[in-house]
Amino acid sequence: MKQSDRTSRRPIGIFDSGLGGLTIVGEVRRLLPNEDIIFLADQANVPYGTKSEAEILTLTRAAVPTLIAEGAKAVVVACNTASAAILEELRERYADTAFIGLIPALKPAVALSKRGTVAVFATGTTLRSAIYRELKAEHAKSTKVIDIPCPEWVRMVEAGAIREQTLEEPVRQALASGADVLVLGCTHFPFLREPMARIAGGRAELVDSGAAIARQLKSVLAESGRLNSQKGRTVGKTHFLTSGDGTRASEVASKLTGRAVRFQTVGH
Ligand code: DGL
């Protein structure tokens with residue numbers, strides 16, 4: 001087998017602090033149906049969003065080698081919080097793997113806003129990060145950006161118990177400030193899209209980075225000759241790994257996605 005074929009048949013790694021990364025697994029699976037995917041949720045340490053950048057660096061450094069050991073040809077850091085802290089370092093350390101990170105979808109939100117005001121829902125660490133400050137400086141010059149940290153939303157998704165009333169106050173606050181676009185700046189939040197849209201009641205659009213990240217991954221793989229083009233192969237396998245409780249993760253993930261998801265516990 002040619003080296004390039006061996007590389008293209010390696011899996012795509014997707015990493016998050018918790019179950020939020022499943023929203024990215026869904027987008028990647030839709031766009032790249034024949035790729036194998038290994039998803040790793042560092043649930044022993046979730047949430048990342050209330051930790052310092054130094055702690056997030058340590059945790060991400062410890063987790064990513066699990067995906068590298070599985071032979072990942074590319075790794076999506078499906079966590080806005082961790083991406084802001086570590087992407088450059090990972091690219092230098094693992095030259096044989098492509099790394100793709102997430103940032104809140106501020107650029108499309110600015111383009112979509114008619115009133116010139118957008119609200120970004122994310123973790124405190126993402127909102128305080130240098131990369132997010134740069135994003136605002138570059139893309140939101142004449143747009144007002146309202147930052148809304150909502151760490152408790154991450155916990156709610158991790159517990160698989162979504163209470164609409166917890167979302168009400170922050171969404172109403174964004175609307176009252178004039179925002180007509182709401183950015184889901186954390187990979188856990190697309191699981192809250194429906195209740196958030198209900199509260200917004202047509203007064204704002206909701207955007208996230210999931211579909212754009214899947215497209216970016218596809219073009220990175222295509223440009224480096226790593227797309228899996230094995231003939232006759234239509235459906236790739238997905239393996240779900242967690243550093244937390246596999247049984248509990250399987251239960252909550254199946255509830256959130258509406259499909260049977262089986263997690264395996266790994267130590268790293
Ligand atoms: N899902 C992660 C993100 O996109 C962070 C959640 C957390 O661990 O706080 O930022």
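The first residue of the sequence shown is numbered 1, and numbering continues consecutively from there. Atoms within a ligand are numbered from 1 in the order they appear, just like the ligands themselves. The shown structure was predicted, so the numbers you read here are calculated from the model rather than taken from an experiment. All heavy atoms count here, side chains included; hydrogens, waters and symmetry mates do not.
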* Structure fact -> Taken in chain and number order and not counting sequence neighbours, the residues that satisfy ring pair (Phe, Tyr, Trp, His ring centres under 6.0 Å) with Phe99 are none
* Return yes if a side-chain donor-acceptor contact under 3.5 Å exists between Asp42 and Ser17, otherwise no. => no
* Asked: What class does the angle between the rings of Phe39 and Phe263 fall in, given that below 30° is parallel, 30 to 60° is tilted and above 60° is perpendicular?
  -> perpendicular
* **Value rounded to 0.5 Å, distance of CZ in Phe240 from OG in Ser254** => 9.0 Å
* To do: Check for a donor-acceptor pair, side chain of Asp180 on one end and backbone N or O of Arg115 on the other, with a separation under 3.5 Å.
  => yes
* Passes side chain to side chain contact (heavy atoms under 4.5 Å, CB included), Tyr132 versus Arg128? Steps please. -> CA-CA 7 Å; Tyr132 179 65; Arg128 283 191 303 272; over 6 Å; no
Distances under 3.5 Å, N/O of ligand 1 against N/O of the protein: list each pair and its distance.
unit_1   : atom_1 : unit_2 : atom_2 : d
ligand 1 : 1 (N)  : Asp16  : OD1    : 3.2
ligand 1 : 1 (N)  : Asp16  : OD2    : 3.3
ligand 1 : 1 (N)  : Thr187 : OG1    : 2.8
ligand 1 : 1 (N)  : His188 : ND1    : 2.8
ligand 1 : 4 (O)  : Asn80  : N      : 3.0
ligand 1 : 4 (O)  : Asn80  : ND2    : 3.0
ligand 1 : 4 (O)  : Thr187 : N      : 2.9
ligand 1 : 4 (O)  : Thr187 : OG1    : 3.3
ligand 1 : 8 (O)  : Ser17  : OG     : 2.6
ligand 1 : 8 (O)  : Tyr48  : N      : 2.6
ligand 1 : 9 (O)  : Tyr48  : N      : 3.3
ligand 1 : 9 (O)  : Gly49  : N      : 2.7
ligand 1 : 10 (O) : Asn80  : N      : 3.3
ligand 1 : 10 (O) : Thr81  : N      : 3.1
ligand 1 : 10 (O) : Thr81  : OG1    : 2.6

